[in-house]
S.K.: 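Quick one: this structure, given as structure tokens, is what I'll be asking you about.
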Number of protein chains: 2
Amino acid sequence: MTLYAEGDVGHSVYWVAAGTVRTVNVGRDGNRIVRGFYRSGEFFGLERGPLRASSAEAVSETRAVCCSRSRLDALAASDAQVAHELLSWLLRMTERAQDLAALGRASATQKLAYFLIDLMDRGSAGRSIALPMSRTDIGDYLGLSSETVSRAFTILRRDGMIATHGRDVTLLDPAALQRMNGNLLKAHS
Amino acid sequence: MTLYAEGDVGHSVYWVAAGTVRTVNVGRDGNRIVRGFYRSGEFFGLERGPLRASSAEAVSETRAVCCSRSRLDALAASDAQVAHELLSWLLRMTERAQDLAALGRASATQKLAYFLIDLMDRGSAGRSIALPMSRTDIGDYLGLSSETVSRAFTILRRDGMIATHGRDVTLLDPAALQRMNGNLLKAHS
DNA sequence: CGCCGCCTTGATGAGGCTCAACTATTGTGG
DNA sequence: CCACAATAGTTGAGCCTCATCAAGGCGGCG
């Protein structure tokens, strides 16, 4: 379940073939922070220093491919296409993290709307999403408690924007969800 | 004062020679979000698409060097050193944005402590910082109101962690400031 | 001197965290 | 197949932090 832990030495970069991975920090007082979710087709594990800044854990059953940092560097140096992909991916990561930071002032419901839209943009083909993670995971990612996440789901359901059945979510009105954030999030596709 | 505006077409990348630049988004309802500050020696303006996602404004008197994206790409392709610098810078940007997002649950005082520590790590030699930006700027960056920022300054001053005189801030106890964030922020140097 | 922007401080209200109870779902052993 | 336990999700009540509105202070600059 754990691919690597916070503080480990490791230069490997990973590519998610199937499933979902989360990167996590745990404060000394036990408060957990989910720094990111990585879905099938995405990269993670590229860091500045030799020590892992966060742990990486499989959220559901997951297959991941591992590549050493030196091999990646060599590939990027020789193949301009790879270098461009890498740059583009990093820029996207930065954008996403900045978007999340910009949501600091937003309401819990707006944060959840952002989360769902982002998830739809990234992987799910139709309007249905099978969330692999718990409410607590979502909360630790958005900076909310699991109870507040649950309440936000209830509000979106009541307003007819989504339908839920356990962890299965159907986005009934994606445009309305997107509008909730004062279209802070441009089309990231 | 404005280097480029949100929505502009532009591929240029900038390097701050002196002064401070902020990148800004403005929602339709007028709420302002400062996405980042860039101090002397730092880069900004590198984005994924051809359209600017945010405006860039000089906070104080500033000199900035401009470089076209194509020239940067050529440089990075030919010079491994430049490519490495670029990668390292992007990773740092991502880290910083993720740190800020992770502060979502933190108190206003913790956020301000993070801000000051980050600022010290990045540019100021001694323990004194001459803030170039207003309380409102800081608030729009941290997701707080300017009043709350002001109150947080008062608390840190009362607790003997800083001394302030207008926009001049002296960090009396940097270690204590760093500890406030459950040492979420590792040494980023 | 008086205006103006920035900063500070106070009072009030709203949103979200915490504690707590209850329900739903899944898994386990008899 | 059922009883039970364990985990996840939902909903409610009270408190606390921060946003908002409002009123001064403190320079800078004409």
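Reminder, nothing fancy here: chain letters follow the sequence lines and each chain counts from 1.
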S.K.: Assess the pair A:Phe43 and A:Tyr38: is the distance between their ring centroids shorter than 6.0 Å?
M.R.: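 A:Phe43 vs A:Tyr38: aromatic centres not under 6.0 Å.
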S.K.: What is the separation between atom CD on B:Gln110 and atom P on D:dC16, rounded to the nearest whole Å?
M.R.: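 B:Gln110 atom CD is separated from D:dC16 atom P by 18 Å.
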S.K.: Which pair of heavy atoms, one from B:Leu90 and one from A:Thr94, lies closest together, and at what distance?
M.R.: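 Residues B:Leu90 and A:Thr94, closest heavy atoms: O-OG1, 4.1 Å.
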S.K.: Could you check how far CG of B:Asp168 sits from P of D:dG28, rounded to whole Å?
M.R.: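 Those two atoms, CG and P, are 11 Å apart.
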S.K.: C:dT25, OP1 or OP2 - any side-chain N/O from A:Arg167 closer than 4.0 Å?
M.R.: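 No, A:Arg167 has no side-chain N/O under 4.0 Å of OP1/OP2 on C:dT25.
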S.K.: Once you round it to whole Å, what is the distance between P of C:dC6 and CG of B:Leu131?
M.R.: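 These atoms are roughly 15 Å apart.
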S.K.: Mark yes or no for whether B:Glu57, through its side chain, and B:Thr2, through its backbone, hold a donor-acceptor pair below 3.5 Å.
M.R.: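 No; judged by distance alone, with no hydrogens or angles, the pair does not exist.
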S.K.: Got a second to check how far B:Ile117's CD1 is from B:Asp99's CG, nearest 0.5 Å?
M.R.: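 Nearest 0.5 Å value for the CD1-CG distance: 12.5 Å.
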S.K.: Hey, does the side chain of A:Thr154 come within less than 4.0 Å of D:dT11's phosphate (OP1/OP2), counting only N and O?
M.R.: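 It does, given that an N or O in the side chain of A:Thr154 lies less than 4.0 Å from OP1 or OP2 of D:dT11.
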S.K.: With a 4.5 Å cut-off on side-chain heavy atoms, are B:Leu156 and B:Leu112 touching?
M.R.: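 Yes; the side chains approach each other to less than 4.5 Å.
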S.K.: Which whole-number value in Å describes the distance from B:Asp140 CG to D:dT20 P?
M.R.: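 It is 11 Å, rounded to the nearest whole Å.
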S.K.: Using a 4.0 Å heavy-atom cut-off, does B:Gly143 contact any base of the nucleic acid, only the sugar-phosphate backbone, or nothing at all?
M.R.: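 Sugar-phosphate, backbone atoms only, no base.
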S.K.: Starting at atom NE2 of B:His165, determine the distance to atom P of C:dT8, rounded to an integer number of angstrom.
M.R.: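 These atoms are roughly 12 Å apart.
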S.K.: Among residues 144-151 of chain A, which residues get a heavy atom nearer than 4.0 Å to DNA chain D?
M.R.: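 Contacting residues: A:Glu147, A:Ser150, A:Arg151.
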S.K.: When you check the phosphate oxygens OP1 and OP2 of C:dG16, does a side-chain N or O of B:Arg105 lie under 4.0 Å from one of them?
M.R.: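 Result: no.
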S.K.: How many angstroms lie between atom OG1 of A:Thr62 and atom CZ of A:Arg39, to the nearest 0.5 angstrom?
M.R.: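 The distance works out to 10.5 Å.
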S.K.: To the nearest angstrom, how far is A:Ile155 atom CD1 from C:dG16 atom C1'?
M.R.: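 Atom CD1 in A:Ile155 sits about 11 Å away from atom C1' in C:dG16.
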S.K.: To the nearest 10°, let me know how far the axis at one end of the helix from C:dC7-D:dG24 to C:dG30-D:dC1 is tilted from the axis at the other, five pairs an end.
M.R.: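 The two end axes of the helix from C:dC7-D:dG24 to C:dG30-D:dC1 meet at 30°.
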S.K.: Have A:Arg127 and A:Thr170 got a donor and an acceptor in their side chains that come within less than 3.5 Å?
M.R.: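 Their side chains do not contain a donor-acceptor pair, so the 3.5 Å distance test is not met.
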S.K.: Determine the sole option in B:Arg135, B:Arg22, B:Arg35, B:Arg32 for which the salt bridge (charged side-chain N to carboxylate O under 4.0 Å, His left out) test with B:Asp140 is passed.
M.R.: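 Of the listed options, the one satisfying the test is B:Arg32.
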S.K.: Check the distance between D:dT20's P and B:Asn31's CG and give it to me in whole angstrom.
M.R.: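 One finds 10 Å between P of D:dT20 and CG of B:Asn31, rounded.
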S.K.: Just the rounded figure in Å: distance from C1' of D:dT10 to CG of A:Leu112.
M.R.: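 Those two atoms, CG and C1', are 14 Å apart.
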S.K.: Between the side chains of B:Ser68 and B:Ser12, is a donor N or O closer than 3.5 angstrom to an acceptor N or O?
M.R.: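 Side-chain D/A pair, B:Ser68 to B:Ser12: absent.
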